Protein chains: 2
Amino acid sequence: MKEGPDISRIAALIGDPARANILTALMDGRALTASELAEEAGVGLSTASGHLSKLTEAALITPRKSGRHKYFHLTDAEVAAVLEALMGLAARTGATRVRTGPRDAQMQVARVCYNHLAGRMGVQMYSSLIGRGLVVEIGEDASLSDAGRTFAEQFGIDLKGLEKGRTRLCRTCLDWSERRNHLAGSLGRAMLDRMEEQGWMARVPGQRVIRVTRKGERAFEEMFGVVG
Amino acid sequence: MKEGPDISRIAALIGDPARANILTALMDGRALTASELAEEAGVGLSTASGHLSKLTEAALITPRKSGRHKYFHLTDAEVAAVLEALMGLAARTGATRVRTGPRDAQMQVARVCYNHLAGRMGVQMYSSLIGRGLVVEIGEDASLSDAGRTFAEQFGIDLKGLEKGRTRLCRTCLDWSERRNHLAGSLGRAMLDRMEEQGWMARVPGQRVIRVTRKGERAFEEMFGVVG
DNA sequence: TTCATAGTTTGATCGTAGCCGAACTATTCA
DNA sequence: TGAATAGTTCGGCTACGATCAAACTATGAA
């Protein structure tokens, strides 16, 4: 039959362990150099260089030259979403990598998904926004209601500024650990940034884990907590 | 870093062209046999068999045995969603494929599935029996209610005779064109035989197509037609 | 300049995994 | 019952691609 786009090329690209490691390492939205990625992937620099050029050609990652370094990052949130979705499938068959370490437990509470909040708290925030009618889900996308716009602006987010960008304001992203949607898009990113600014939470450098402060716990629960 | 589930196994599985073809062919939700999938994938039956067992082990597809056939379908909508997402990524870099024509229309109306009625009419009959409480579905199997026994005997079927055989009276069978269950088992066979005896329909020799007479159309509609 | 570091390209090696045909099992048909 | 069809398993062949080291280019530092 062979209808539709050919998925095998892209999937095969992700299917190599070294390349999968590279992509996974980029899942926190940072940009890493070729050497760093070679280290992450556990291969030599020359091998990594080959992988990186293939991934770049397929537009999964995008390079940025800076002096004699070359930084790579995931091309956009859609790539990240596909990787998350694949993690979801992998997690179902119990193909979690070796053993689940202590870091995994933290990741399930709060982690960075590309540039927005994921994990239990990400899902909780999203379902709270939905439940209060601030965000309306439309298929895979979502949009902000009037009440939602007011809420976001009161939270300190420059909606008009975000809407100037080319990325969609609201997107949904399937959370692999919670198996439910959380908020992505430029608003998702801005929400996480704002919560960091307010000292609610802080990313742990070099990891996807997000550390939540005690103040953040209280404030988050007050704002997005489950209503009796 | 290597955090989270290992995506490379799943992605590598999808990354082989033959397996990608198999998965793509199943994207519409139908269940296909191993032979059909081998044809779709463009490989031999033995090769396809190997692929199918790998995909099954990873829970991307789920097999269902039906007589000497084995039908495979995508495990659930989440798998389909991931494939869709991958197609989205693939389409961005411009790797699309050719489309092929529709399938045989007659087969979709009525055909033999081993020895029982399949296609639109087979599914219609089954859902009518279920809807009127004559047959009760229990997982993949089914059983005849008391009212169902009366109905079958009035239809001219020797239930006691059937029950002497070793094959189950009622089985369900997944219809590939309709994607829904129809009636199999010795009762399914007897029903088709009886309908042929009564001149409602006739098998076309050497084909799976069943020709339905005008009389048969009327009688079938009266007996299994949708109740307004 | 000259040296050092970051990354790319090339060529050779080597494993793995896809492929087929043939033999085998299971189920149906006649 | 024997013949035909659907699917699985096994053994051997082959090819693709991941890998590394070494040579090469590019940028920055001394």
Side-chain angles (χ1 to χ4, degrees), chain A residues 8-23 31-58 61 63-72, chain B residues 8-23 31-58 61-72 111-116 118 165-168 171 173-174 176 184-186 188-190 192-193 196 203 205-208:
Chain A
S8 72
R9 285 192 100 83
I10 293 281
L13 228 42
I14 307 173
D16 175 74
R19 286 191 294 256
N21 284 341
I22 288 173
L23 293 169
L32 298 178
T33 66
S35 308
E36 288 168 324
L37 289 169
E39 171 80 11
E40 294 281 353
V43 295
L45 179 56
S46 63
T47 304
S49 178
H51 287 319
L52 290 170
S53 64
K54 282 176 189 164
L55 291 171
T56 301
E57 197 186 3
I61 62 177
R64 210 178 56 212
K65 253 190 129 169
S66 172
R68 61 178 162 180
H69 290 272
K70 201 166 172 184
Y71 285 90
F72 295 88
Chain B
S8 74
R9 286 192 121 82
I10 293 282
L13 229 40
I14 306 172
D16 175 74
R19 285 191 295 256
N21 284 341
I22 288 173
L23 293 169
L32 298 178
T33 66
S35 308
E36 288 168 323
L37 289 170
E39 171 81 11
E40 294 282 353
V43 295
L45 181 56
S46 63
T47 303
S49 179
H51 286 318
L52 290 170
S53 63
K54 281 176 190 166
L55 291 172
T56 300
E57 197 187 1
I61 62 177
T62 303
R64 177 152 171 209
K65 251 190 128 170
S66 177
R68 61 180 163 181
H69 291 272
K70 201 165 172 185
Y71 283 89
F72 295 87
R111 66 176 180 277
V112 184
C113 181
Y114 319 119
N115 52 26
H116 53 268
R166 54 183 165 77
T167 47
R168 283 190 64 102
R171 294 202 61 109
C173 182
L174 188 60
W176 62 258
S186 62
R189 174 185 204 150
L192 176 58
D193 291 348
E196 284 193 277
R203 307 183 204 199
Q207 291 181 28
R208 296 183 61 187

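Quantities reported herein were computed from a predicted structural model and do not represent experimental measurements. Residue numbers begin at 1 in each chain, while the letters A, B, ... track the order of the sequences.
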A/Thr33: partners by side chain to side chain contact (heavy atoms under 4.5 Å, CB included), with sequence neighbours left out:
A/Ser35, A/Glu36, A/His69, A/Tyr71

Tell me: CD of B/Glu57 to P of C/dA17, nearest whole Å?
13 Å

Got a list of side-chain donor-acceptor pairs under 3.5 Å for residues 11-18 of chain B, not counting sequence neighbours?
unit_1, atom_1, unit_2, atom_2, d
B/Asp16, OD2, B/Ala18, N, 3.1
B/Asp16, OD2, B/Arg19, N, 3.2

Scoring nucleotides 2-17 of chain D by protein non-hydrogen atoms under 4.0 Å (B base, S sugar-phosphate only, - none) yields --BBSBBB--------

If we check side-chain contact (heavy atoms from CB on, under 4.5 Å) with B/Ile61, which of these qualifies: B/Leu32, B/Leu55, B/Leu37?
B/Leu55

Counterpart residues, side chain to side chain contact (heavy atoms under 4.5 Å, CB included), relative to B/Thr62 (two or more places apart):
B/His73, B/Thr75

Closest heavy-atom contact between A/Pro63 and A/Thr56?
CD-CG2, 3.6 Å

Could you tell me the separation between the CG atom of A/Leu55 and the P atom of C/dT8, rounded to a whole number of Å?
12 Å

By side chain to side chain donor-acceptor pair (under 3.5 Å) - contacts of B/Glu196 (at least two apart):
B/Arg203

Would you tell me if any nitrogen or oxygen in the side chain of B/Lys65 comes within less than 4.0 Å of OP1 or OP2 on C/dT27?
yes

How close or far is atom P of C/dA30 from atom CG of B/Asp193, stated in whole angstroms?
12 Å

